[in-house]
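Throughout, numbering of the chain's residues begins at 1 and tracks the sequence.
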Amino acid sequence: MKFNSILPFAALVYIQLSFFSCNTSNQKSKKPNIILIMVDDLGYECIGSYGSTSYSTPNINKLAETGMQFNQAYAQPLCTNTRVKLMTGKYNYRNWTAFGILDPGQKTFGHLMQEAGYTTSIVGKWQLQSYDPIEYPGSELRRGTGMEVQNAGFDEYCLWHTGHTEDKGSRYANPTIYQNGEFLTNTDGKYGPDIFSKFLNNFVNKQNGDKPFFVYYPMALTHDPFSPAPGSEKWNNKDRRFENDTSNFKGMVEYTDKIVGNIIENLERQGIRDETLILFYSDNGTHQKIYSKTKAGMIQGGKGLTIETGIKVPLIANWPGHIKSGQITDEFVDAIDFLPTILDVAGQQIPENLLTDGQSFLPVLKGEAIKRRDWIYMSYNPKPGVGKDNFHPAEFVFNKNYKLYGDGRFYNIEQDKLEKKVLSDADISQGASKTKARFKVLIDSLKKYPSYGWFERIDPAFDSLISKNARIDLVAQGFKWSEGPVWLPREKTLLFTDVPENKVYQWNDLTGLSLYLYPSGYTGPKIEPWVKGGKGANGLNLDPNGSLILCQQGDRVISRLTSLTDSLSPKYAPFITNYQGKKFNSPNDLTFDDSGNIYFTDPTYGLKDEKGELGFSGVYFYSHQGGAVKLLDKSVEFPNGVAVSHDGKTLYIGDSNIKFPKIYAYDILSPGKIANRRILFDATKLREQSISKQCPDGIKLDKHGNLFFAGPDGVLVVTPEGKHLGTIKTDKATGNCEFTEDGRYLFIVSDDMLLRVNLKPYAK
């Protein structure tokens with residue numbers, strides 16, 4: 001049977017749904033079969049039933065004509081983001097690891113369908129085990145860390161890209177395919193999509209009817225490279241089968257349609273078409289190089305973008321005798337909705353211990369009155385991953401008419417599909433204003449972490465550094481006094497200290513908080529008499545080789561972590577141990593210049609006898625060449641935070657003198673030679689008026705050279721000229737802060753808490 005009719009695009013209207021069931025005498029006790037087809041990189045504008053005139057898709061059109069078409073179906077802008085959501089039923093912020101990775105600890109709909117008594121199979125594209133090539137920064141931390149397909153909940157599989165990226169081979173001509181534990185050896189001259197569809201049909205054909213089956217078919221088509229499909233003139237010339245040209249895209253779309261037709265015809269031959277629900281979907285919009293004609297005009301693909309053409313995809317459901325023909329709906333469907341829907345079709349309850357953010361759309365298929373959400377929320381993060389540097393994280397919520405981003409941009413997407421004009425509050429009606437307020441509540445309610453603190457905006461320039469829609473997340477708490485944060489860019493992990501507990505903790509967004517090492521600062525057998533408030537490490541930093549450097553307050557040295565076989569077995573190499581033969585007081589904070597030299601502070605905080613052996617607090621310089629320690633200034637009462645300007649010309653020192661708290665600036669004439677000490681910022685009044693009575697502490701610089709320093713009631717933002725722009729308010733004693741490598745996030749250690757500030761939430 002050949003499917004070849006099409007619903008006219010102009011006739012797409014909402015029709016009240018109804019549910020047609022099979023004749024009771026013909027029903028079987030067996031649960032229905034389910035085939036989920038997900039095309040790779042195919043926007044809605046490429047399907048005839050959605051108005052496309054560029055491609056012939058009669059079989060897919062027929063699925064819509066004899067089933068149900070969703071006009072408000074959406075996916076993430078890139079494939080891994082959608083695949084992780086689809087298979088786990090969770091928003092990405094809950095389980096996102098990296099591009100091309102599915103956390104092996106997750107439970108997929110494959111596992112759940114096995115538990116529901118289904119025989120399961122997956123065919124097509126995997127790409128969820130290992131993605132980054134060896135040379136990509138940080139790849140060694142992610143390569144091979146994803147889910148292996150044999151553990152993903154599928155009884156049988158036939159897949160492309162199941163291992164490292166460099167080993168993936170071709171998905172089209174002469175493909176590299178891993179099938180049920182072995183690589184196929186006879187694929188020369190063959191076309192990958194043909195092998196996948198043949199495996200799918202053979203899997204269906206060998207089912208004996210006693211158990212239902214679930215097939216997940218993430219297609220290789222129509223992703224680039226845009227290669228010739230079988231039957232074309234180019235394919236018939238073996239020398240041209242690996243050509244990559246957008247002119248081949250039309251043939252790839254039409255071959256996709258052919259495969260869909262073959263799957264349907266096979267179900268009919270087996271006599272199980274009426275027992276099988278087919279879901280046709282796509283993982284994201286069409287590649288941006290592709291332009292497609294539709295009845296509404298020419299549309300450019302938007303893959304990777306958060307506009308409509310990047311996220312709006314086709315969704316067609318077809319189940320003869322169960323879904324009435326010709327149904328068209330504006331019900332909103334997202335990737336998270338498939339897992340609960342598939343379980344619903346299988347008559348299986350969602351396990352109590354399984355969190356899913358999705359809502360079943362089976363009642364929509366059945367024509368039942370149901371109140372579902374009339375909006376879509378997306379948390380989109382394409383990183384880390386090779387080739388994703390030009391894509392940016394985004395968070396947004398939208399309905400048919402309006403869209404609100406996490407950074408405050410608000411659009412009328414019904415009239416402005418390309419999102420060219422941001423609407424101000426003055427531009428919008430009262431109804432739109434209510435929608436915007438509702439969307440803001442939705443974004444806030446779907447946060448992973450509770451909010452804490454607030455922003456004091458003193459100067460308009462503050463808004464250019466920290467968005468008006470920035471938020472402060474409380475990501476961990478329960479410490480005695482947190483300090484010394486340092487960001488590990490490869491690991492996407494923050495290290496920070498708990499000084500009284502003598503520990504260093506690690507935190508990242510996926511695994512949360514855990515002990516990194518103990519002891520951190522005092523490594524002796526007993527508490528020595530000089531130890532006062534805390535014995536652990538304070539300031540942390542990474543040397544140019546990426547090794548962890550610690551200001552070990554308890555041991556009164558600065559050391560390098562040399563090995564860490566487990567969290568309780570750290571080994572250190574002290575390399576800054578004294579000044580002129582006398583022990584330091586309690587090394588507090590340090591920073592590197594571009595040459596690898598160290599500037600550090602040594603107040604008397606950790607001593608019971610505040611005079612110590614030296615008899616003064618000091619600001620020091622350590623040369624990476626000769627290893628010499630040079631005293632730069634011993635007149636600062638309580639030197640604390642330290643930073644060097646990006647051009648290497650200015651040294652900043654925080655003075656935690658209760659009577660006169662301030663930030664000093666010095667000119668750096670040459671490495672280790674300073675002059676012209678001056679007061680950059682006087683914090684006396686702020687301290688007196690504060691809740692915490694905190695003095696200036698740790699200092700970090702943003703990419704513009706502005707100082708973010710811990711001080712009275714939070715983190716103050718001050719220009720290099722000393723102008724106070726605003727404060728990230730914690731209303732409690734705050735120790736230090738640290739930026740991620742892209743400057744998007746700022747971490748703050750504040751007393752017993754670890755905070756994270758999304759400075760520019762999801763801005764383009």
Side-chain angles (χ1 to χ4, degrees), residues 38-47 50-52 54 71-86 91-93 96 99-100 222-224 226 246 249 253 281-294 296-315 332-335 375-423 439 443 467 742 744 760-764:
M38 184 171 72
V39 191
D40 200 355
D41 293 3
L42 189 77
Y44 71 96
E45 76 279 4
C46 296
I47 303 300
Y50 284 87
S52 176
S54 286
N71 285 344
Q72 298 293 338
Y74 296 91
Q76 294 281 69
L78 290 174
C79 66
T80 298
N81 305 78
T82 295
R83 292 162 197 270
V84 170
K85 284 177 70 173
L86 184 81
Y91 287 126
N92 278 168
Y93 73 80
W96 178 259
F99 197 86
T222 55
H223 197 289
D224 68 309
F226 302 116
T246 54
F249 183 73
V253 174
Y281 183 58
S282 179
D283 64 352
N284 50 250
T286 314
H287 198 288
Q288 294 180 41
K289 291 182 178 180
I290 302 298
Y291 291 78
S292 302
K293 293 180 181 178
T294 72
M298 185 73 75
I299 294 179
Q300 179 186 3
K303 174 183 177 178
L305 306 178
T306 57
I307 58 176
E308 179 182 273
T309 51
I311 61 176
K312 187 173 181 179
V313 295
L315 171 58
F332 281 79
V333 173
D334 187 14
W375 47 269
I376 296 288
Y377 164 81
M378 287 194 183
S379 170
Y380 167 56
N381 184 7
K383 303 174 181 180
V386 64
K388 304 301 177 288
D389 293 340
N390 57 325
F391 299 118
H392 302 285
E395 181 183 46
F396 51 92
V397 63
F398 63 94
N399 60 16
K400 287 181 65 175
N401 308 112
Y402 296 102
K403 186 174 188 177
L404 177 67
Y405 283 85
D407 61 4
R409 288 174 289 139
F410 187 60
Y411 297 96
N412 182 334
I413 56 174
E414 185 177 36
Q415 300 176 4
D416 180 16
K417 295 186 183 302
L418 297 180
E419 301 176 14
K420 292 184 176 181
K421 181 183 179 183
V422 177
L423 300 178
F439 284 179
I443 289 176
S467 166
D742 58 4
R744 184 174 292 273
K760 285 187 169 294
Y762 314 107
K764 289 183 178 178

field: Chi angles and distances behind the side-chain contact (heavy atoms from CB on, under 4.5 Å) call for Lys85, Asn92
entry: CA-CA 6 Å; Lys85 284 177 70 173; Asn92 278 168; 3.0 Å; yes

- request: Begin with the C-alpha distance, continue with both residues' side-chain angles, and end with the deciding distance and a verdict on ring-ring contact (aromatic ring centres under 6.0 Å, His included) for Phe226 and His287.
  value: CA-CA 10 Å; Phe226 302 116; His287 198 288; 5.5 Å; yes

- request: Please assess Tyr281 against Thr82 for the test side-chain contact (heavy atoms from CB on, under 4.5 Å), listing each intermediate value before the final yes or no.
  value: CA-CA 11 Å; Tyr281 183 58; Thr82 295; 4.2 Å; yes

- request: Apply side-chain contact (heavy atoms from CB on, under 4.5 Å) to the pair Ile376 and Gln72, showing each step before the final yes or no.
  value: CA-CA 9 Å; Ile376 296 288; Gln72 298 293 338; over 6 Å; no

- prompt: Checking side-chain contact (heavy atoms from CB on, under 4.5 Å) for the pair Phe99/Val386: CA distance, chi angles, key distance, verdict?
  reply: CA-CA 8 Å; Phe99 197 86; Val386 64; over 6 Å; no

task: Before giving the answer on ring-ring contact (aromatic ring centres under 6.0 Å, His included), spell out for Tyr402 and Phe439 the whole-Å C-alpha distance, their side-chain angles and the decisive distance to 0.1 Å.
output: CA-CA 9 Å; Tyr402 296 102; Phe439 284 179; 7.8 Å; no

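Pairing each heavy atom of Leu42 with each of Thr286, the nearest pair is C-OG1, 3.8 Å. For the residue pair Ser282 and Ala75, the shortest heavy atom distance occurs at O-CB, 3.6 Å. The nearest pair of heavy atoms linking Glu308 to Tyr44 is OE2-OH, 2.8 Å. Residues Asp283 and Cys79 share a closest heavy-atom pair of OD2-CB, 2.9 Å. Contact detail for Trp96 and Pro382: the closest heavy-atom pair is CZ2-C, 4.1 Å. Scanning both residues, Val313 and Gly285, for their nearest heavy atoms gives CG1-N, 4.3 Å.
Going from atom NZ of Lys417 over to atom CD1 of Ile299 covers 8.5 Å, rounded to the nearest 0.5 Å. Annotation: the span from Asp389 atom CG to Lys383 atom NZ amounts to 6.0 Å, rounded to 0.5 Å. Going from atom CZ of Phe398 over to atom CG of Leu404 covers 12.5 Å, rounded to the nearest 0.5 Å. Atom NZ of residue Lys403 and atom CZ of residue Phe410 lie 12.0 Å apart, to the nearest 0.5 angstrom. A distance of 9.5 Å separates CZ in Phe396 from OH in Tyr377, rounded to the nearest 0.5 Å. Annotation: the span from Ile307 atom CD1 to Ile413 atom CD1 amounts to 11.0 Å, rounded to 0.5 Å.
Between the Asn81 side chain and the Gln76 main chain, no donor and acceptor come within less than 3.5 Å of each other. Counting only distance, with no hydrogens or angles, the side chain of Asn401 and the backbone of Asn412 share no donor-acceptor pair below 3.5 Å. The main-chain N or O of Leu78 is never found under 3.5 Å from a side-chain atom of Tyr380 such that the two would form a donor-acceptor pair.
Contact check for Gln300 versus Thr309: no side-chain heavy atoms found under the 4.5 Å cut-off. Two residues are said to be in side-chain contact when any heavy atoms from C-beta on lie closer than 4.5 Å; Tyr74 and Met378 meet this criterion. Using a 4.5 Å heavy-atom threshold, the side chains of Asn284 and Pro77 count as separate.
Every salt bridge (charged side-chain N to carboxylate O under 4.0 Å, His left out) that Lys303 has, sequence neighbours left out, goes to Asp41. Remark: Lys400 engages Asp330 in a salt bridge (charged side-chain N to carboxylate O under 4.0 Å, His left out) (not counting sequence neighbours). With sequence neighbours left out, Gln288 forms a side chain to side chain donor-acceptor pair (under 3.5 Å) with no residue at all.
Using a 3.5 Å distance cut-off with no hydrogens or angles, the side chains of Tyr405 and Thr306 do pair a donor with an acceptor.
Ion pairing between Asp40 and Arg83 holds under the 4.0 Å rule for side-chain N and carboxylate O.
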